[in-house]
Amino acid sequence: MHDGTTAQALLENTAPAAGESVLILGASGGMGTVLIQLTGATGARVVAVARGERKTALVRELGADEVVDAAGPDWTEQARKVLGPAGADVVLDGVGGTFGLTAFALLADGGRFSAHGAPAGGFAPVDRDEAARRGVTLLGISEVQPADADYVRHAAAAFAEAAAGRLHPVIGAAHPLERAAEAHAAIEGRALVGKVVLLGG
Ligand SMILES: NC(=O)c1ccc[n+]([C@@H]2O[C@H](COP(=O)([O-])OP(=O)(O)OC[C@H]3O[C@@H](n4cnc5c(N)ncnc54)[C@H](OP(=O)(O)O)[C@@H]3O)[C@@H](O)[C@H]2O)c1
C-alpha cells in the first residue's frame, strides 16, 4: 500500500510525458517494481536499472522498455547507450549514494531528478549549483510526504490500478512474524525482489 502511494506521488511530482525517458534505479525492489508498471502506463519509456540475471529478468517481465544490469562495471555505458545523447528526462532514484550521483550525470539538462531512497547509505550528494546551471528540477523525500487528503487520493489510485489488474504487487518472500529476523537478513543481504511479507499468527 505504501509503495503504491509513494509511487503515485513521485509520478505526480515528476509528471513524465508520453515518449519521455524515465530512468528507474533500484528497479527490482518494492518501490521499483511498482514504479516500472505505473510509469509505463503514462506512455513514458521506462529504463530500469537492476542487478543480476534474476532481477533484470523480473523488471523486463514487469514491462520495462529497456533494462540495464547494474552488476557490471559498465552499467552507466549501457544506460547512456539506451538513453541516447540527450539522456533521461526523469530519474527516479531509490538507491542514492554514488550510484544515484552517477544517474544524475545521465539526466538531460532541464530534466527532473527525484530522490526517494538511500539503501546505498545516504541520498545522492547532488550539487545544487550544478543542478541550477543545468536547469534540473531537484525533488526529494519531503516531496513524497503527502497531506492526508493526497495520501488517500494516491492510495485510492494505486488500489484502483491493482483492482483493475494493471498493477501487480511483487511479493519476493513471506516469513512468519516470529522469524522476522530472517526477512531483515534477506533485505540486508540484497537477496530479495519486490516486497517481503510477514505472516501473523
Ligand atoms: N516504500 C516506500 O513507500 C518508500 C517511501 C519513501 C522512501 N522509500 C525509500 O526508498 C528506498 C527503496 O525502497 P524499497 O521499498 O524499494 O526498498 P527495497 O525493496 O529494499 O529495494 C531497494 C533497491 O535498491 C537496491 N539496492 C540496495 N542496496 C543497494 C546499494 N548499496 N547499491 C545499489 N543498489 C542497492 C536493491 O537492489 P540490489 O540490492 O539488487 O542492488 C533494490 O532494488 C528505501 O531507501 C526506502 O526507505 C520507500
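Indexing begins at 1, ligand by ligand and atom by atom, following the structure's order.
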ask   = Does Glu77 come within less than 4.0 Å of Lys81, counting only side-chain N to carboxylate O?
value =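 Salt bridge between Glu77 and Lys81, a charged N being under 4.0 Å from a carboxylate O: no.
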inquiry  = As a test of reading the model: which residues have a non-hydrogen atom less than 4.0 Å away from ligand 1?
reply    =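 Ligand 1 is contacted, at a heavy-atom distance under 4.0 Å, by His2, Asp3, Thr6, Gly26, Ser28, Gly29, Gly30, Met31, Arg51, Lys55, Gly94, Val95, His116, Gly117, Ala118, Pro119, Ala120, Ile141, Arg190, Gly194, Lys195.
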ask   = Please, which pairs that meet salt bridge (Lys or Arg N to Asp or Glu O under 4.0 Å) have at least one residue in residues 28-54, sequence neighbours excluded?
value =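 Every pair satisfying salt bridge (Lys or Arg N to Asp or Glu O under 4.0 Å) with a residue in residues 28-54: Arg45-Glu66.
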inquiry  = Side-chain heavy atoms under 4.5 Å apart, restricted to Ile/Leu/Val/Met/Phe/Trp/Tyr: what other residues fall into the cluster of Leu23, or is it alone?
reply    =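 Under the 4.5 Å side-chain rule, Leu23 groups with Leu25, Val47, Val49, Val68, Trp75, Val82, Leu83, Val91, Val95, Phe99, Leu101, Phe104, Leu106, Leu107, Phe113, Val126, Val136, Leu138.
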Contacts of Glu161 that satisfy side-chain hydrogen bond (donor to acceptor under 3.5 Å, both in side chains) - sequence neighbours left out =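 Checked Glu161 against side-chain hydrogen bond (donor to acceptor under 3.5 Å, both in side chains); matches are Arg166.
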ask   = Does the side chain of Asp93 come within less than 4.5 Å of His116's, by heavy atoms?
value =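 Counting from C-beta outward, His116 and Asp93 never come under 4.5 Å.
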inquiry  = Within the 4.5 Å heavy-atom criterion, are Leu11 and Leu92 side-chain neighbours or not?
reply    =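 They are in side-chain contact.
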